[in-house]
Amino acid sequence: MSEHNQKNQMQGPIVVKSVVPKNRQDLIKWNGWGYNDSKFVIKEGPEIYFSGKRYPIGEQRLPHIYDWAKDVLNVDLATAKPKKIQGLPSEDLYPKPNITAENLDKISSLGISYSTKVIDRLIRAHGQTLHEIYTLQNSTFTRIPDIVLWPTSHNDVVKIVSLSNESDIVVIPFGGGTAVSGAPECPHNESRTIISLDTSQMNKILWLDKENLIGCFESGIVGQDLERELKQLGYTTGHEPDSYEFSSLGGWVATRASGMKKNVYGNIEDLLVHVKMVTARGTLEKNCQVPRLSCGPDFNHVVLGSEGSLGVITEVILKIRPLPQCKKYGSIVFPSFENGVEFMREVAKRRWQPASIRLMDNDQFKFALILKPESTYVALVLDSIKKFYITTIKGFDPDHMCVMTLLFEADEADVKINEKNLYNLSKRFGGYPAGEMNGERGYMLTFVIAYIRDLGLQYEVVAESFETSVPWDRAVTLARNVKFVITDECKTLGITHFLINCRVTQTYDSGCVIYFYLGFNHSGLGDPVVLHNRLETRARNEIVSCGGSISHHHGVGKLRQKWYPSTVSDVGVGLYLAAKKQLDPNNIFATNNLVPPSKL
Amino acid sequence: MSIVREYDNFLDLRRQETSNFLWISKRWDPKIAFRQGQSRPSPQFHKEAVLNSPKIQELIEQISSRSNISKSVLEHQVQDILDEIGYEKKFKIIRWLGLMLTKICLTVLSGIYINVEQVEQIKNQMGHCPVIFVPTHRSYGDFIMMSYITFQYDIEIPAIAAGMDFHGMWGMGTLLRDTGAFFMRRTYNDDHLYWTTFRQYVYQLVSKGDLPIEFFIEGTRSRSNKSLSPKYGLLTMVLKAFFFSQVPDIHFVPIGVSYDRILEENLFAFELLGVPKPKESTSGFFKSMKILKESFGNIYVHMDKPISVKQFFGNKVDRSVHNLGALHQQEVTDEEKKLLPSLAYEILNRQQKVLVTTVFNLVSLILNNNLVYEKDLLTLEELTKDVQWIRETVRFLGGFTHSTNIERSINDCFNTHKNLIRINRNKKIKIVSNKISHGEINHKKLKGHLLSDETMTYSVPFVTLQIYVNPVLHYFVDINIILVILSSKSMNEDELFENYHFLRSLFAREFITLAPKDKTVFNTALNNAISLNLVSLTNGSYQLENNEKLRYLIVNTFNAFYVSFLTTLIVLEGLPDVTDEKSILTNAQKLLENSIEKKKDIIHPYSLNLDTLGNCLNSLVDERIIQKTRRNNKTLYEIYRSKLMEIKEHFVRIIPKYYVEESCQITSNRLQNKL
């Protein structure tokens, strides 16, 4: 903690007890998404449930999944046998750590907690891409870290980095492990010792400055801990990426994350006031915590999106906000996706966005209905009346209509005005308000949907999501063209049962974000990871051809390197490499993210 | 090469049903090309979208501020232009026309044959991206057939790009428009507002429309019944939507439409010889209705597998070049334009390949050779034998003739074409010749020389016959060139290819090819020539073989084209450095008219045709021997003399001697007088 900050400090550092234990596998699946106790389970019948009480659909029967899986994915959950997935790895599944006794001595003399156990190393060897999860379940990684270190402070990190730089040891920072770009993966051919620097024990709230509405946090704090602690103090950062239960502050900065409620609170780059990054040359930081700075190129933007390749992010000063007086959900149905996008564009033009505004396409809207729990009789009747009204009276075509979900966070009066404005405006685009419940369910599903891949994997169905940002006028054609390309490529690959749907998840003045879900049945078609790779590559090529970006918030990692040079120009690649060379002359942060190693 | 093709006669269905009326009033729920959201776009929707597009709105603002015309006046102008261009859909009219057409077809045609299986496949694939029908264009019938067939197979009737000359025909313009035609002005001028509106309209139909679109890549009806060089205007407008990623792909469906007898055969013969094309008028149309009392045999429509432009261009196109900047301010790039010829020629080549060869094409091929170059006329038996013989050769080279009973098909030809061929009292087959005398003709309106009544009377039947020979020539052209070259002497492959390449380039317009330098095409032709026993290889040297009958046929069939080319070269040689097109054509036709008078057994009257002479000039432009410019509404050519001499020398050196001697004589006699 810097000297000059001390007087602003309201209290001593808050030592946060994280929900995620140091032994991650005690709470979180070691080979899938999310909590151990939360998953889709199939019981006799078949009856499908979502287990656990953590989410509102927990322990409720989900009767619609069965038919849907059969129709769309050609999986009969009654008769199909779930695939056998390999168990927790034994010590001899992976080679012994590649580390000299001398280096191990040096490391242990730092007095920082470490482990060379296979399970600890394996759990920190990956993120959450399909390729990584599929490898965990079915085979082995070519390379995993040799040793895991748990620093508890900025100074610990300084010591680790300096030792690594002297001894030519590789450091790969690890936060929440939710990356979907392949960023945390070890390069296959790295012959040096690899340290996995796990930031999870470095998760204190160092200080809050209520006068200036900022707080200083250690980078290992995960989203739900941060929000829970701040909430107790009456504050929020408002940063809520879909992964926020598990992802860490350092990861957000390193990937340029985006939160669901960015319309009110801003994306990570808007929230970030100051950041410390430990590089091989020392710590990159500033001497002030000002709201804006005209002082040459902004080096915050060297840190943001650095994906672990330039240094370790240790301490971040973020803006905080008082908790909103009112939080309210909403939803609007539109006769077609095109109408919905036009409405969103108009909302963005007027800058009327509530905290979150999202639009599901027709397929995703239908998919959301599949996850509806069995309702009571009254609810069913109400539902059918509403359905009758929308499809018959309003003339909506069930195969074209789609739904928009809204989240308001503000003073009650402001929310009321905002609601009224939006619902009125939506009428001009054929929209029709569809209630708070549908909105709330929509957001809840965002968290649950991540679990469904693990169910599919047991029945030869793989699924993945990918996203892009695109100018307004190209959004609809981009979505349409990507679906066309996927359909076309599935035909080529012999894939007969698949789904490709999308939603618009963020709006900006000049464009929006589109998030795609892709899933397919690969039974009898060979390696699903290879198949999926082909599909995703074609989809990304099409996205780029349609004016979309390589990524809005998932980052580049290793998965999207192919499109990095054309995105930033050759000069841009050179600029990045120059920075890399300056900050990390020995390439100890050898993640190979962004630019492939051949260019280094 | 054996090809199995299946065609269904869809007129049989009409003949079998008890009521055509029931069929024509069937429920209409067609397959559309490119689904667009929830509701189907209407013709009016497209016009409004064009008017309100940022492209047109910005142009209106520009013109308004530059020339001080109010924006509302300009908007009205655009609306008028759009009303002139835009298609309509009147379903009652479509049904009534369909009924009328059915009655007519049942009277004058034996069959309309279609490869139904492929049509069904195309139909099944439709719905996900724009589909463009690109038929051959060798008769007005093409328009009608395509709409008729799509109606039959429940495919949405296409929006058809039509020339404004149709629009002028009283009543016809409206009728065509109501069935889905949209109109394009033929004259190219600087009317920026018109052309921007037209381009935007096509862009709108492709990217936001759901109808299939139909256009003719050759830009006009081919009077010669062979493929013309492609036009790129509409193709560019259509592809723009793909280059700009406004559509995920575009499927081009090459379609070959062939006729046992072309409605306009006589008209085409006159036009080819230079009689000015009468403006399409309704009286002209009703005149052609009279013809419909006659027999027109069969029509064959073959729809080929769609070409996906995405697959076809593959990595060659980088659509992300349009990512920066507003789309409506961007244009198709030069790189993208460079890709167009490969696609255009692919479409044309596919059209040629799928086009059904009619029995009369083969009959014409045999008769044409017999009537001009051989002493003894053929009997029906001899003709039948020869047709069966050449049918095998054409089949070997990839052509498909649809006939289950060749004797009967040949007999039918004498009924269908009784205006052109008949069997005389001596059982010999003769060409039918009618005396032609033209009245007053305004010389200024002629493109070339006014041929004498005598020449016309003699030439018109032969030119008409040649129209039916022409569609099979692309199977023979490469072999012909090899045979012509080897007629002068034997040579090794390198020398042969060099000469082949030279002649093939000169004929690149007449027998369209994008790649006259293509070694694989040459090799295929050479191998075919060897297989057909036309050429053999000894000690590394190629020479003629003993299949003389086929060789004479192939060589003779192309004589007219060599004569036209040589004449063009001779005429250019004698003319001033800068000469207008009409002088060249007039001199060439004059020269040829004279030589025909003297040497009917050597010079085929088809050599007089302006289409071939024009192609010669265009080829010389492509080869940079002459340069084309336009001044005061006149087409002028600048002649690069030394290059011309070089070409001529090379040409004379490799083509058979007798062409040269005959033609040179004519030069000294005639051209000097004129100059």
Side-chain angles (χ1 to χ4, degrees), chain A residues 333-342 361-362 391 394-402 429-430 468-492 500 510-511 538-550 563 565-567 569, chain B residues 33-41 45 49 52-55 121 124-131 203-204 206-210 239-251 306 308-330 333 336:
Chain A
V333 283
F334 287 93
S336 76
F337 185 65
E338 288 77 9
N339 293 121
V341 174
E342 273 172 43
D361 74 355
N362 179 259
T391 56
K394 300 293 275 187
F396 283 24
D397 178 349
D399 286 327
H400 283 283
M401 63 186 280
C402 60
F429 298 84
T468 188
S469 48
V470 60
W472 278 116
D473 63 339
R474 306 182 195 223
V476 169
T477 49
L478 182 141
R480 183 163 75 176
N481 290 5
V482 168
K483 290 176 189 176
F484 175 91
V485 158
I486 291 288
T487 310
D488 187 52
E489 188 70 17
C490 280
K491 208 186 279 170
T492 313
I500 172 77
S510 63
R538 268 207 71 181
R540 184 64 61 187
N541 281 336
E542 187 65 24
I543 286 172
V544 171
S545 293
C546 294
S549 65
I550 180 172
W563 297 274
S566 57
T567 302
S569 82
Chain B
F34 188 28
R35 268 193 301 275
Q36 301 276 359
Q38 187 204 12
S39 56
R40 294 198 52 187
F45 167 82
N52 296 324
S53 66
K55 180 111 193 162
Q121 271 181 38
N124 287 339
Q125 286 172 21
M126 280 171 56
H128 312 289
C129 72
V131 176
Y203 183 64
Q204 168 73 22
V206 178
S207 57
K208 300 284 185 329
D210 64 0
L239 281 174
K240 183 172 156 183
F242 173 72
F243 290 140
F244 286 18
S245 291
Q246 292 304 292
V247 295
D249 193 356
I250 297 178
H251 285 172
S308 143
V309 292
K310 190 169 222 171
Q311 269 172 31
F312 185 81
F313 290 141
N315 292 333
K316 281 182 236 140
V317 57
D318 175 9
R319 285 172 290 149
S320 71
V321 297
H322 296 290
N323 284 357
L324 292 177
L327 262 187
H328 71 271
Q329 287 165 359
Q330 299 189 35
T333 66
E336 286 160 345

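- With chain B as partner, the option from A/G548, A/S545, A/G547, A/S336 having the largest number of non-hydrogen pairs under 4.5 angstrom is A/S545.
- Between B/E336 and B/K240 there is no salt bridge, since no side-chain nitrogen of the basic residue lies less than 4.0 Å from a carboxylate oxygen of the acidic one.
- Between chain B and the options A/E338, A/R474, A/K483, the largest number of non-hydrogen pairs under 4.5 Å is found for A/R474.
- The CG atom of A/D397 sits 10.5 Å away from atom OG of B/S39, with the distance rounded to the nearest 0.5 Å.
- Comment: A/D488 does not engage B/K310 in a salt bridge, judged by the lack of any side-chain N to carboxylate O separation of less than 4.0 angstrom.
- For the residue pair B/R319 and B/Q246, no side-chain donor N or O sits within less than 3.5 Å of a side-chain acceptor on the partner.
- In this pair, B/Y203 and B/F244 present their aromatic rings perpendicular. The plane angle is above 60°, beyond the 30 to 60° band.
- Both the backbone and the side chain of A/V544 come within contact range of chain B, with heavy atoms under 4.5 Å apart.
- Contact annotation for B/S308: neither backbone nor side-chain heavy atoms come within less than 4.5 Å of a heavy atom of chain A.
- In terms of heavy-atom pairs under 4.5 Å with chain B, the best-connected choice from A/C546, A/S566, A/P471 is A/C546.
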